[in-house]
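I have placed the structure first, in the form of structure tokens, so that the comments after it can refer back to it.
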Amino acid sequence: MTKKSTEAGRLLETINSPEDLRRLQEDDLPGLAREIREFLIDTISRTGGHLAAGLGTVELTIAMHYVFNTPEDRLVWDVGHQTYPHKILTGRRERMRTLRQAGGISGFPRREESEYDTFGVGHSSTSISAALGMAVAAARTGSERQVVAVIGDGALSGGQAFEALNNAGNMDANLLVILNDNDMSISPNVGAMSSYLTRILSGKVYTSMREGSKTVLSTIPPMWELAKRVEEHMKGMVMPSTLFEEMGFNYFGPVDGHNLHALIRTLNNLRHLKGPRFLHVVTRKGKGYEPAEGDPCVYHGVTPFDPATGKMEKKPSGKTYTQVFGEWLCDMAARDVRLIGITPAMREGSGLVAFSERFPNRYFDVGIAEQHALTFAAGLACDGMKPVVAIYSTFLQRGYDQLIHDICLQNLPVLFAIDRAGLVGADGPTHAGSFDFSYLRCLPNMTVMAPADENECHQMLATGFLLDSPAAVRYPRGTGPGIAVDPAMPTLPIGKAEVRREGKRIALLAFGSMVSPALEAGAAFQTTVVNMRFVKPLDQELVLKLARTHDLLITIEENAIAGGAGSAVNECLAAAGLATRVINLGLPDRFLEHGNHQEQLSQCGLDAAGIRRTILRYAPTGLPVKLESV
């Protein structure tokens with residue numbers, strides 16, 4: 001830390017748990033908030049991570065732990081991007097320097113990490129459901145503990161949040177829901193709910209009028225009764241209480257989320273109330289750090305940066321798969337007016353910024369609503385459009401029923417551009433795309449492709465778009481091997497693999513991101529190396545030929561072994577009655593912890609060295625080996 005922040009950090013250094021926090025005088029808390037922000041900026045500038053969201057929740061986090069008896073009282077966070085101040089105050093301050101690194105603490109709440117992390121998260125819109133379950137459990141056991149769910153206005157656009165609100169209000173559960181309204185998720189918020197919440201910021205004026213009226217009119221009972229009746233009509237016009245109170249919640253707010261004294265007074269009052277309560281808190285994402293306040297989108301997730309300037313470290317050179325997709329989308333949209341681009345709140349992460357600017361009338365950000373995104377795409381496809389859904393592998397899991405029932409069952413031409421497939425490094429298991437081969441290839445009518453390089457990704461997107469049936473192109477996070485893209489956009493023959501190297505006795509059947517390490521590993525043993533390209537339909541003709549001419553097949557994929565691409569090869573050989581030995585390499589049957597992506601691949605034996613070790617272990621006798629290459 002800098003000299004300034006070291007001197008300022010003396011108060012923070014005395015806080016090792018919320019119990020220490022609750023011993024402080026309330027007047028000390030604004031100073032503590034400043035120290036936490038300085039500590040956050042300094043720490044995240046070294047490790048990278050989610051910055052802007054946590055800067056916006058410093059005062060709210062302090063107030064909740066100050067008022068509620070955590071961990072006995074339950075705090076349930078949504079998504080978890082905003083929980084770094086929570087981690088700092090709950091005994092993990094010193095471990096923040098290990099954030100998102102192998103063996104270090106997670107960037108999200110995890111039950112295994114701390115008793116203060118009451119529910120593991122990473123995906124959005126789950127907090128109210130989980131908190132409601134805890135509130136019901138408390139009632140069943142006779143506990144007086146408080147349960148608080150903290151949800152952002154972006155996450156509130158998810159349908160599960162409203163399912164939970166509807167259920168909680170109907171049950172009269174003893175639950176407090178805090179809406180952290182910062183008018184920002186990752187991409188700019190969209191939808192009627194976001195617009196509604198934005199409009200109600202004018203409610204601050206209403207709140208001031210209301211408090212002043214209480215003071216002035218309370219001494220004149222008839223006037224105060226009249227004012228209260230007028231207030232009820234006014235509330236319905238300018239406050240969101242109408243919506244939430246109709247759902248069974250007692251609404252309070254909006255409250256300034258950076259005014260500690262107001263937050264503490266409000267939370268203390270609400271702590272003694274029963275039933276479903278809804279507190280609307282207004283905060284600013286990136287609060288206290290000018291670069292993050294100015295561009296909370298860019299500073300949502302950061303690489304290491306210079307805290308004095310906000311300038312981030314340069315990313316690796318080369319075009320990312322996300323960029324390849326974004327350029328392809330614009331090019332194809334220019335050729336085909338039927339193309340519609342859809343994203344569930346991931347415009348920047350999925351590479352749709354340029355498309356949204358060039359084709360605004362054909363771009364739809366549906367908010368954090370993956371189920372809706374897929375059925376919306378299905379409806380478009382029914383009436384002649386060609387929808388392209390840009391979505392992370394981990395988020396596509398959230399719309400699986402719609403994928404099966406609304407798209408595949410009806411055999412509708414929807415193209416899925418699946419980003420962040422495979423392991424994702426520091427974001428860890430909640431964001432890893434570990435299962436899409438497995439859950440896609442079992443679906444009738446679905447074509448599943450995995451590119452080995454940037455040009456092949458471009459070709460596969462064009463191939464999938466032109467099909468008259470569902471198709472998916474899944475590609476990893478980051479850059480590829482650096483192959484230039486052919487702007488002519490040629491397509492690929494469906495279900496045909498490509499032999500990259502002819503060899504003997506052993507054949508490496510590599511899928512997508514595993515082609516490059518397979519080529520590197522196979523060079524030492526003069527093995528055949530195949531770029532399989534298609535998970536479904538599998539190139540069965542080539543697989544059977546290789547099985548008849550080689551002693552050993554090794555399938556390699558950055559996906560769970562269970563039910564994955566290697567399983568498709570096994571099924572093909574079993575159906576043909578061939579007994580050729582097959583070894584399946586892929587992700588093991590466990591969730592892999594966060595860390596460096598290359599370290600994760602090495603841990604799974606999916607880097608070139610790991611593949612070589614597998615070859616040596618299972619190689620048939622007499623296999624020619626270039627020892628200098630091993």
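Since the structure is predicted, the reported quantities are computational estimates derived from the model, not experimental observations.
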Tell me whether Glu72 at atom CD has more than 12 heavy atoms from other residues, nucleotides or ligands lying less than 6.0 Å away. yes
Where do Pro344 and Ala390 come nearest, in terms of heavy atoms and distance? CD-O, 3.5 Å
Quick one: pull up CD1 in Ile128 and CG in Leu165 and give me the separation to the nearest 0.5 Å. 4.0 Å
Minimum heavy-atom separation for Gly169 to Pro276, with atom names? CA-CG, 4.2 Å
Looking at Asp117 and Arg110, what are the two nearest heavy atoms and their distance? OD2-N, 3.0 Å
For the residue pair Asp419 / Ser350, report whether a side-chain donor-acceptor contact shorter than 3.5 Å exists. no
Validation row: Glu59, Asn259 side chains within 4.5 angstrom (heavy atoms): no
Fit a plane to each ring of His86 and His65, take the angle between them on a 0 to 90° scale, and name the class: parallel (under 30°), tilted (30 to 60°) or perpendicular (over 60°). parallel
Does Thr98 reach the main-chain N or O of Ile105 with its side chain, forming a donor-acceptor pair under 3.5 Å? yes
For the pair Glu113 and Arg95, evaluate salt bridge (Lys or Arg N to Asp or Glu O under 4.0 Å) and give the outcome as yes or no after the intermediate values. CA-CA 11 Å; Glu113 189 176 291; Arg95 296 194 68 203; 5.7 Å; no
Counting C-beta onward and ignoring hydrogens, is there a side-chain heavy-atom pair between Pro18 and Thr90 closer than 4.5 Å? yes
Closest approach of Gln146 and Asp73, non-hydrogen atoms and distance? N-OD1, 2.8 Å
Which pair of non-hydrogen atoms, one from Asp20 and one from Arg23, has the smallest distance, and what is that distance? OD1-NH1, 2.6 Å
Decide yes or no for Gln371 and Asp401: does some side-chain heavy atom of the first lie under 4.5 Å from some side-chain heavy atom of the second? no
For the residue pair Arg22 and Thr70, establish whether any side-chain heavy-atom pair is separated by less than 4.5 Å. yes
Partner of Gln160 under side chain to side chain donor-acceptor pair (under 3.5 Å), picked from Ser125, Ser127, Ser129, is Ser129
Interatomic distance, Thr47 atom OG1 to Asp42 atom CG [nearest 0.5 angstrom]: 9.5 Å
Passing option when Tyr392 is tested against Glu370, Arg398, Arg420 for side chain to side chain donor-acceptor pair (under 3.5 Å): Arg420
Counting only N and O atoms by type, is there a donor-acceptor contact under 3.5 Å from the side chain of Arg277 to the main-chain atoms of Leu270? yes
Using the six-membered ring wherever Trp is involved, compare the ring planes of Tyr251 and Phe244 and label them parallel, tilted or perpendicular (cut-offs 30° and 60°). parallel
For a side chain to side chain donor-acceptor pair (under 3.5 Å) with Lys285, tell me which candidate from His81, Gln82, Glu293, His300 qualifies. His300
Is there a side chain to side chain contact (heavy atoms under 4.5 Å, CB included) between Met247 and Phe278 once you walk through the steps? CA-CA 11 Å; Met247 297 183 82; Phe278 193 100; over 6 Å; no
Non-hydrogen side-chain atoms of Phe325 and Thr320 separated by less than 4.5 Å: no
Would you say the ring centers of Phe108 and His431 fall short of 6.0 Å from each other? yes
Please tell me if the side chains of Leu29 and Ile264 come closer than 4.5 Å, counting only heavy atoms from C-beta onward. yes
How about NZ on Lys274, more than 12 heavy atoms from neighbouring residues, nucleotides or ligands closer than 6.0 Å, or not? yes
Looking at residues at least two apart in the chain, or sitting in another chain, which of them share a ring pair (Phe, Tyr, Trp, His ring centres under 6.0 Å) with Phe355? Phe359
Could you walk me through whether Leu156 and Phe162 pass the side chain to side chain contact (heavy atoms under 4.5 Å, CB included) check? CA-CA 7 Å; Leu156 195 63; Phe162 281 91; 4.1 Å; yes
Has Glu112 got more than 12 heavy atoms of other residues, nucleotides or ligands less than 6.0 Å from its CD? yes
Angle class for the Phe305/Tyr289 ring planes (parallel below 30°, perpendicular above 60°, tilted otherwise)? tilted
